[in-house]
There are 2 protein chains.
Amino acid sequence: MDGQEISPRRATSADVARLAGVSRTTVSFVLNDTPTQSISAETRRRVLAAARELSYAPSAEARALSRGRSTSVLVYLPPARSLTEEIGRIVERLSMLFDEAGLSMVIHAWTRRPAAQVWSSVTPAAVLAWDLTDEDAQLMRGNGVRGVASWTGTDAIGRWVTGAREQDSARLQVGRLVAAGHHRLGYAVTGADHMHGASQWRCEVLRRECEQRGLPAPGVIRLPADPSRAAQALEQWRASAPGVTGICAHDSTAALAVLAGMRRLGWRAPEDLAVVGVSDSAAAALADPPLTMVALDPEVTARYIVDVVTALVAGSPTPPAPSSGGAILVDRDSV
Amino acid sequence: MDGQEISPRRATSADVARLAGVSRTTVSFVLNDTPTQSISAETRRRVLAAARELSYAPSAEARALSRGRSTSVLVYLPPARSLTEEIGRIVERLSMLFDEAGLSMVIHAWTRRPAAQVWSSVTPAAVLAWDLTDEDAQLMRGNGVRGVASWTGTDAIGRWVTGAREQDSARLQVGRLVAAGHHRLGYAVTGADHMHGASQWRCEVLRRECEQRGLPAPGVIRLPADPSRAAQALEQWRASAPGVTGICAHDSTAALAVLAGMRRLGWRAPEDLAVVGVSDSAAAALADPPLTMVALDPEVTARYIVDVVTALVAGSPTPPAPSSGGAILVDRDSV
DNA sequence: CACAGACACTAACACGCGTTAGTACACCCG
DNA sequence: CGGGTGTACTAACGCGTGTTAGTGTCTGTG
């Protein structure tokens with residue numbers, strides 16, 4: 001299949017019209033079911049037959065051009081470190097929901113600098129980013145991008161994600177640990193994410209949750225994703241924060257790092273230190289001990305994001321945020 | 001930032017022309033550096049200034065329409081189960097490389113049925129899929145899609161992936177196990193992937209690799225991604241295939257499942273059973289014991305894919321496949 | 001029989017761009 | 001002064017759609 005034969009240029013609506021013996025306008029009316037126009041049954045049949053015969057599909061570009069607005073949504077992929085299994089599932093769900101909404105999802109890796117370059121060469125109807133400065137957002141809006149939203153921003157989606165969604169996770173994490181008798185908590189993150197975007201928010205929300213329950217603010221433990229170095233970091237931290245018995249891990253990897261470090265030190269979970277992570281994964285279920293995790297429903301998140309974006313594109317008011325963040329506690333053995 | 005003000009419709013090349021006091025044609029010549037046309041320094045300056053002033057960006061749709069070919073590449077996401085950390089990195093790299101090649105990557109989840117629907121509503125220049133039947137491929141080509149390639153197909157990319165790339169992994173996996181004194185091997189997969197696409201190929205390539213070294217063909221172990229059920233499967237399999245001491249795991253999750261099952265049975269790695277996985281991940285490094293893995297370089301893969309696709313789109317002959325699959329053995333403690 | 005109105009269809013424009021053919025002007029050579 | 005050669009620019013077309021305004025025919029009504 002290497003020598004792909006030169007494809008006869010794809011069929012256009014004019015080809016369909018010619019084959020069906022009608023005008024191009026009629027073809028358009030039939031295929032779009034234009035309600036203001038009536039078409040005889042016979043003509044409709046002929047047009048549909050011709051379209052099928054030529055396996056005609058309208059050109060997305062021409063359609064976008066004609067209707068005046070693009071149908072593509074540019075989604076900036078979060079930085080590699082944050083590309084978790086959960087995000088993968090959200091992305092997958094997004095692609096299907098956007099498709100149902102008649103939008104196509106263009107994905108691009110987030111590169112700090114030439115961001116403007118990308119969104120301007122794709123001319124999307126909306127942009128969904130992980131992290132976005134207000135200047136960037138303003139610039140995009142000024143250039144015809146109707147919907148601009150970000151995960152950690154101050155727009156509708158950002159507020160919900162960093163609000164209800166994070167709050168749900170924090171409540172479940174802290175609640176589970178407290179129920180097991182842990183009153184001094186810590187917050188674990190891996191790598192360079194420390195104090196960046198999502199991590200920053202999570203930490204803040206956890207602090208508030210603890211405060212509300214009359215617990216001391218959780219200290220931050222930054223762990224390398226390597227067993228022996230994780231052990232080292234864990235030991236150092238233990239010395240500086242005695243009495244902490246429960247850990248809220250930022251994600252699956254952070255939870256695994258805590259477990260790996262503990263193993264090296266001869267500590268046992270949950271006896272010596274209890275762990276609850278966020279964003280469930282296959283690896284978490286297979287850990288030793290199997291990790292108790294807060295699972296975030298990709299469906300709820302994807303649904304809300306698509307609803308907001310389509311509303312922005314259509315110019316209608318943004319829908320109310322779901323009251324729940326779609327978080328569920330998956331109880332296993334690490335607490 | 002909710003009340004997004006109505007954006008003044010985005011600037012067109014006509015706006016730039018008006019502001020610069022020249023014709024639209026001249027604007028196009030300046031901005032595209034058309035080599036057949038000479039432009040006075042003064043005019044060029046004025047046009048560039050006007051473009052900058054209006055922060056003009058050409059419409060991707062109009063450009064594609066005018067130049068006759070689309071610039072979007074439709075990438076079908078592999079089914080959720082195969083969405084590994086490694087694939088994530090490849091996707092990330094793809095987006096950057098395609099961008100450099102002037103193509104934009106549209107991502108869509110692979111849904112068995114309405115596949116045709118998607119690629120026809122996006123009208124991409126090329127389609128890259130995980131798995132693709134020859135009929136689907138033929139249909140797309142007949143409809144103006146110039147490049148059609150798939151991961152497990154019989155096209156250039158497919159041959160390389162299922163050839164050199166899989167072969168490299170198999171050689172490293174088997175080689176490492178043999179070096180440690182293991183001569184009877186098994187192949188572990190999780191979930192429903194059993195005997196589908198990539199897994200099927202991997203198994204076949206492993207069989208050939210073993211044959212070449214005079215070893216018996218590896219038996220297949222299918223594991224659930226759950227510790228106790230994995231243990232059960234492992235025990236049953238052990239009874240039916242005694243003497244096997246080395247396991248080639250399909251991916252990170254399969255390797256973790258083997259480890260989890262062994263732990264439940266009180267077996268130790270690598271003493272009772274040695275494990276080598278493919279597609280390294282953070283979780284593999286944090287496992288107990290840390291997993292020896294074959295890491296596949298996303299750069300090599302992404303680079304070749306982009307080279308092939310751009311060649312197909314341009315109509316030039318496809319470049320030769322890289323001799324190496326970009327696989328490296330990451331030695332840890334599970335062998 | 002004339003006229004209104006529904007019906008079925010089409011001509012023609014707009015969308016924003018790339019590009020070909022062509023125009024106006026200045027210059028040099030015979 | 002006529003004709004050629006550049007140089008710097010523009011008018012106009014085509015890409016494939018969606019859509020508005022219009023045209024012709026058939027039917028029913030006063």
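Numbers restart at 1 for each chain; the letters A, B, ... are given by sequence-line order, proteins then strands.
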*Please name all residues satisfying side-chain hydrogen bond (donor to acceptor under 3.5 Å, both in side chains) with A:T25, sequence neighbours left out, ordered by chain then number.*
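In terms of side-chain hydrogen bond (donor to acceptor under 3.5 Å, both in side chains), with neighbours along the sequence ignored, A:T25 is linked to no residue.
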Could you check whether any side-chain N or O of [X] sits under 3.5 Å from a backbone N or O of [Y], counting only pairs where one atom can act as donor and the other as acceptor?
| X | Y | answer |
| --- | --- | --- |
| A:S55 | A:R52 | no |
| A:T26 | A:V22 | no |
| B:T43 | B:I39 | no |

*Would you indicate, yes or no, if D:dC9 has its OP1 or OP2 atom less than 4.0 angstrom from a side-chain nitrogen or oxygen of B:T43?*
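For D:dC9, OP1 or OP2 has a side-chain N or O of B:T43 closer than 4.0 Å.
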*Criterion side-chain contact (heavy atoms from CB on, under 4.5 Å) on B:V148 and B:V145, from CA distance to verdict*: CA-CA 7 Å; B:V148 180; B:V145 180; 3.9 Å; yes
*Does a donor on one side chain and an acceptor on the other come within less than 3.5 Å for B:R165 and B:T301?*
yes
*asked:* Can a side-chain donor-acceptor contact be found between A:S72 and A:S70 if the only test is distance below 3.5 angstrom?
replied: yes
*Decide, yes or no, whether a salt bridge links B:R44 with B:D33 under the criterion of side-chain N to carboxylate O below 4.0 Å.*
yes
*Find which nucleotide of DNA chain D each of B:I39 and B:S66 is nearest to by heavy atoms, and output the residue with the more 5' nucleotide.*
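Closer to the 5' end of DNA chain D: B:I39.
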*Enter the inter-axis angle for the ends of the helix from C:dC1-D:dG30 to C:dC27-D:dG4 (five pairs per end, rounded to 10°).*
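The helix from C:dC1-D:dG30 to C:dC27-D:dG4 shows an end-to-end axis angle of 70°.
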*Would you please name every residue forming a ring-ring contact (aromatic ring centres under 6.0 Å, His included) with A:Y304, sequence neighbours left out?*
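For A:Y304, the residues satisfying ring-ring contact (aromatic ring centres under 6.0 Å, His included) (neighbours in sequence not counted) are A:W160.
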Set of salt bridge (charged side-chain N to carboxylate O under 4.0 Å, His left out) partners for [X], sequence neighbours left out:
| X | answer |
| --- | --- |
| B:E299 | B:R93 |
| B:R18 | B:D15 |
| B:E42 | B:R45, B:R46 |
| B:R303 | B:D307 |

*Hey, where on DNA chain C does chain B first and last touch, going 5' to 3'? Cut-off is any atom under 4.0 Å from a heavy atom.*
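So the contact region on DNA chain C extends C:dG16 to C:dT20.
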*Angle class for the B:Y76/B:H108 ring planes (parallel below 30°, perpendicular above 60°, tilted otherwise)?*
perpendicular
*Quick one, which residues of residues 44-64 of chain B touch DNA chain C with a heavy atom under 4.0 Å?*
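Per residue number, the list reads B:Y56, B:P58, B:S59, B:A62, B:R63.
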*For B:L65, report the nucleic acid contact type (base, sugar-phosphate, nothing); a contact means any heavy atom under 4.0 Å.*
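Touches a base.
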*B:S59: what forms a side-chain contact (heavy atoms from CB on, under 4.5 Å) with it, not counting sequence neighbours?*
B:E61, B:A62
*Can you list, by residue number, the residues of residues 16-33 of chain A that have a non-hydrogen atom closer than 4.0 angstrom to DNA chain D?*
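Within residues 16-33 of chain A, the residues near DNA chain D are A:R24, A:T25, A:S28, A:F29, A:N32.
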*asked:* Base contacts versus sugar-phosphate-only contacts with protein, heavy atoms under 4.0 Å: please encode nucleotides 22-27 of chain D as B, S and - from 5' to 3'.
replied: ------
